[in-house]
Amino acid sequence: MPSSLTLEGGGDDWRLRIAGDWSARALAETRIRLDDLPRGLAGTLTCDWSAAESPGIGPAWALLERLDAVGGGRLRIRHVSAPRHVAFLEGLRDRERTLPPADGARPTGSLAVLGRWVIARGGDSREFAAFVGRIVAVLARAVRRPRSWRLPSITRHIQETGVTAIPIVCLIAFLISVIVAYLGSQQLRLFGAEIFVVDLITIAVLREMGVLLTAIIVAGRSGSAFAAEIGAMQLNEEIDALRAMGMDPVELLVVPRIIALVIALPLLTVVADATGLLGGGLLAHYQAHISWPQFADRLRAAIAPTTFWAGLIKAPVFAALIAVVGTYRGMRVRGSPRELGRQTTIAVVQSIFFVIFADALFAVLFVRLRF
Amino acid sequence: MTTSDAGETVIRVRGLVNRFAGQVVHDGLDMEVRAREVFGIVGGSGTGKSVLLRTILGLHPPTAGHVELYGRQVGAMSRAERAGIVQRFGVTFQNGALIGSLTVAENVELPLREYRRLARPALDEQARLCLAMAGLPPDAAGKYPAQLSGGMAKRAALARALALEPRLLFLDEPTAGLDPISAAAFDELLLYLHSQLDLTVVMITHDLDTLFRTCGRVGVILDGKMSSGTLDQVAASPHPWIQAYFHGPRARASRGERDG
């Protein structure tokens, strides 16, 4: 039988007949009945539970809450043939009133949001600066004390971030330079200057694309791995355990990763440069019909002494940025698995942003230096 | 709540066998839990207490044997039947198993949203009820599981288990990792809920104080089988593990407390 609520009486003597299905399963329906109760009741209210079928706890709680709302404290409530848990729930309500209420919601105006954002950013920047400072301190100590170079750890990370990244770096460098060479030769053909496609790919690959693509791939691959590895250790209290044993997690976990990446990324860049030139050369040969001796000639002419180094010199800087951001984000993980995912995402986004920003600075610098 | 199910068998396990990669965990285990009792499962580490619980819950298909919940065979239920049965029991896992990305209140609301189709004001009100039943202060509602102490997390897990008003509660080591005062408070809370809400409770526990304080009957897993009975019946068994367990120095302290 569907639930029903009948309110009888008047003045200051009311009677509420509770009937039908008041089980927990019917909670959604019984709450609709409760909304029909008029506000502003006063006096005595007798709740008659005798016709209620298997009344549940949730619906009974909802009824008590609603009676509180419509009575506004001026209603005395009695229960007749009530299930045992009604008294239990009233006891709970009495006890709840003695406890401190939940904290009020935080202010939500746009100014408050802006303020919180600024405070969070400020704290973040300060912590990042402190983190970089700790890295520098550890490096300075390592220079004086060669024993603190963690060679096994460094080689493992070179293997993981460098050697295993070679296939994907080669594939991407090859394909991108083929695409650039193809589009470039189409345009240059209009001017009858197809031969200059060699200059185009040489300068593009060596100066910019080789190192930038590699850095972005490594940021996605290894920056995220650094953040996730260290973050998971942070969640598992492994970092605290290291600290408690008197070991410095920056020395043990952060610096080896940075050194490894600073070594691995330039090497990967050389590999990317080589496959990029190969891809461009193949396209120039088969699509633009430039013979191999011709290609080699132009290549030699295009490579000014600085072209190769202008690209490669950026690689260790990018590597340091990626590794510092990744490890910093890992160390920032606190508390929940969701935080781990969030910090890993931030690690990748921020390190790619920093890499591209640094690349822009390099471009301006090289122009000024005529490098 | 009706009282017609007194003494009815809620869980019946017959001839349960569980084998993992050649290792036999359960070897013809029988177990029976009657309505409205507090049944404790004990056994040494690695005797398959948690596996038994997971088998009863239908989370782990047994190698052989027969498991019944409310007279229906676990594992042979249709989806609809299973959804109905699931709403009749609540579970807390060893480490709480609260969803880390949801607040305590949202954790409690999760089953209510799924099975009761409630909207916002009703959800808040019911979540407050569950927190109050589990003895949590109202300001715990907005916290994330990572911000809770061990005792609070256990209570939050209990609040979530109570959300659908189960008749049957499974607790996996509810007091493990709690300080004695919190553990004792949890025992009292459990006894209180048990007496007020006519719950049937099945719990795995290593905590002798909890065992002596709350459990009417216990089942000991020994050599892949279970011997069960009242505490005194089981403790009288001559098996060396039972003797060591129930008559060791820690047990004497706990029993002394109960008898004194």
Check whether [X] gets within reach of chain A through its side chain, its backbone, both or neither, counting any heavy atom under 4.5 Å.
X	answer
B:R117	backbone
B:I99	neither
B:L129	both
B:Y115	neither
B:Q147	neither

For residues [X] and [Y], report the shortest heavy-atom separation together with the two atoms involved.
X	Y	result
B:E165	A:I57	OE1-N, 2.8 Å
A:R95	B:G135	NH2-CA, 4.1 Å
A:L27	B:Q126	CD2-CD, 3.6 Å
B:Q196	A:H85	O-CB, 4.5 Å

Checklist entry - Do other residues, nucleotides or ligands put more than 12 heavy atoms under 6.0 Å from A:E238 CD? => result yes
Item to check | Over 12 foreign heavy atoms within 6.0 Å of CG, A:L114 | outcome: yes
Checklist entry - Side chain, backbone, both or neither: which part of A:L89 has an atom under 4.5 Å from a heavy atom of chain B? => result side chain
Checklist outcome for this item: Applying a strict 4.5 Å limit to non-hydrogen atoms, the region of A:R334 in contact with chain B is neither
Checklist outcome for this item: Output for pair (B:D198 CG, A:R84 CZ), nearest 0.5 Å, gives 5.0 Å
Next on the checklist: Run the side chain to side chain donor-acceptor pair (under 3.5 Å) test against B:R120 and tell me which residues pass, sequence neighbours left out.
Outcome noted: B:E109, B:D124
Checklist entry - Can you tell which of A:A28, A:G341, A:A24, A:S336 has the highest number of heavy-atom pairs within less than 4.5 Å of chain B? => result A:A24
Checklist entry - Excluding sequence neighbours, so at least two apart, what forms ring-ring contact (aromatic ring centres under 6.0 Å, His included) with B:F39? => result none
Checklist entry - Could you name the residues of residues 58-67 of chain A that have a heavy atom within less than 4.5 Å of a heavy atom in chain B? => result A:G58, A:P59, A:W61, A:A62, A:E65
Next on the checklist: Among residues at least two apart in sequence or on other chains, which ones pass side-chain contact (heavy atoms from CB on, under 4.5 Å) with A:R342?
Outcome noted: A:E339, A:I346
